[in-house]
Amino acid sequence: MTEGTGEPLIGVINAGSSSLKFSFYEGERRLLTGQVDGLGVRPSASAAGPEGEAMSPPDLGAAPPATPSEVLPAVMPWARERLGARHLAALGHRVVHGGMHYSRPARVTADLLAELEALVPLAPLHEPHNLAPIRMAQRLNPDLPQVACFDTAFHRTAPEVGQAFALPYALYEEGVRRYGFHGLSYEYIASVLPTQAPEIADGRVIVLHLGNGCSACALKARVSVATTMGFTALDGLPMGTRCGALDPGVVLHLIQQKGMTADALVDLLYRRSGMFGLSGVSSDFRELLASTEPRARFALEVFYYRTASEIGALAAALGGLDGIVFTAGIGENAAAVRAAVCRACGWLGLELDETANREHRTRISSPASRVAAYVVKTDENLMIARHTSALIGS
């Protein structure tokens, strides 16, 4: 390990439902990174050093962990051994839902955890797995400061009319409103637009975060003004296994005519819908793009149609459009998906450079295009490290 810069070491924990990503930073420099996938089924771990070189991952033991929080007892000593005598100043965590009250990261306290537990019903696939590693870290090292970084916080700048549903106002006051998600990803993209896409950085930009979860965000001068996800992470674009925008009458029909329970609806809308439900093939866009099954093609066409429609709506919220940015796993790697979305946005003045897109260049629109299109790699973990370092140093 190279000599340190004197900046505090920050650990980042990014927990999903069946995976846990971890990184350790010194300032902006990532010293260690890794992840454990397949939790609850067949866990596998990987890790890399500061230059991306592969290294031996944490030993998961004879009884492999079944949940993200159970990974921490293996990760923390593994990291300590490799970080040497340098002091770990804090752990930062991605927490999907921060509710009405958190427009910025917060130091973890007992009161904060109690507030966040109350939000679990709004993000049932994410919030419990975000909070459990915080509690595990408290048990492992009670004196280590921890910071919660919220995926909803970045969107609190949206106008109130954009946050409101047309329901009785009392429900809005109680917190039944549009929150938006993937905020840490959007915040990172906003931070690098001046260097990655300077011509559109302070203009009207739609960022497409396309991964297993998908959403879009309208930025004006790098500030969120609208986004496709709403009260929960079900809304907006179709996703790997989530339905996206849905007429609430469908839910009433499923309850009244099909006799579905709340638990059955959660399973249907979060786990059996989206690309998986439409295609009957897979939730993975790579498999859908390679498939010859007609329903796989149909699922992709639905995705392209709905994405283009949401782009149109966000362009209206912005009062025009200067650029589109693709990010996250699909956005960064699936040239065919980017091409289809860009072609569907031709009416906005977006002209795709097919060669640039195939070669995964940063700018993929033609020089003559009235709307620019870019591909920018996101880094939620670095954003969490930045927030954590700033908060513990303040």
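Numbering starts at 1 and runs along the sequence shown.
- Under a 3.5 Å cut-off, the side chain of His93 and the backbone N or O of Val95 do not form any donor-acceptor pair.
- Here the shortest heavy-atom pairing between Asp235 and Gly230 reads CB-N, 3.4 Å.
- Residues Ser23 and Asn381 have side chains that bring a donor and an acceptor to within less than 3.5 angstrom of each other.
- Looking at Ser366 and Glu351, their side chains do bring a donor and an acceptor atom within 3.5 Å of each other.
- A 6.0 Å sphere centred on CZ of Arg286 holds no more than 12 heavy atoms belonging to other residues, nucleotides or ligands.
- Between the side chains of Thr327 and Glu332, a donor-acceptor pair is found at a separation under 3.5 Å.
- Looking at Arg306, its side chain does come within 3.5 Å of a backbone N or O of Ala245 through a donor-acceptor pair.
- For Ser279 (side chain) and Ala299 (main-chain N/O), no donor-acceptor pair under 3.5 Å exists by modelled atom type.
- Judged purely by distance below 3.5 Å, without hydrogens or angles, the side chains of Tyr169 and Glu174 never pair a donor atom with an acceptor atom.
- Counted by atom type alone, Thr378 and Ser185 present one or more donor-acceptor pairs between their side chains at under 3.5 Å.
- A salt bridge is defined here as a Lys NZ or Arg NE, NH1 or NH2 lying under 4.0 Å from an Asp or Glu carboxylate O, and Arg361 with Glu359 meets this definition.
- A donor atom on one side chain and an acceptor atom on the other are found under 3.5 Å apart for Ser365 and Arg363.
- The pair Glu301-Arg297 meets the salt-bridge criterion, since a charged nitrogen lies less than 4.0 angstrom from a carboxylate oxygen.
- Using a 4.0 Å cut-off between charged nitrogen and carboxylate oxygen, Glu51 and Arg29 count as a salt-bridge pair.
- Counting heavy-atom neighbours within 6.0 Å of Phe165 CZ, excluding the residue itself, gives a total above 12.
- The only option from Ile330, Leu288, Val337, Leu278 that meets the side-chain contact (heavy atoms from CB on, under 4.5 Å) definition with Phe303 turns out to be Val337.
- For Tyr102, the OH atom is densely surrounded, since the number of other residues' heavy atoms within 6.0 Å is greater than 12.
- A side-chain hydrogen bond (donor to acceptor under 3.5 Å, both in side chains) with Gln163 is found for one member of Arg178, Arg156, His155 and no other, namely Arg156.
- Applying the 6.0 Å contact sphere to CZ of Arg80 captures more than 12 heavy atoms from other residues, nucleotides or ligands.
- Side-chain atoms of His209 and Ser215 form no donor-acceptor pair, as typed in the model, at a separation below 3.5 Å.
- Distance alone, capped at 3.5 Å, places no donor-acceptor pair between the Trp78 side chain and the Pro73 backbone.
- Checked for salt-bridge contact, Glu354 and Arg343 meet the test: a charged N lies under 4.0 Å from a carboxylate O.
- Classification of Arg86 and Glu26 as a salt-bridged pair holds, one side-chain N sitting under 4.0 Å from a carboxylate O.
- Residues Glu115 and His101 have side chains that never bring a donor and an acceptor to within less than 3.5 angstrom of each other.
- Here Ile10 contributes atom CD1 and Tyr25 contributes atom OH; the two are 11.5 Å apart, rounded to the nearest 0.5 Å.
- A donor-acceptor pair is defined here as one N or O able to donate and one able to accept, closer than 3.5 Å; no such pair exists between the side chain of Asn357 and the backbone of Asp353.
- For the pair Glu160 and Arg177, the salt-bridge criterion is not met [side-chain N within less than 4.0 Å of a carboxylate O].
- Aromatic ring pairs are classed by plane angle as parallel below 30°, tilted from 30° to 60° and perpendicular above 60°; the pair His182 and Tyr186 is perpendicular.
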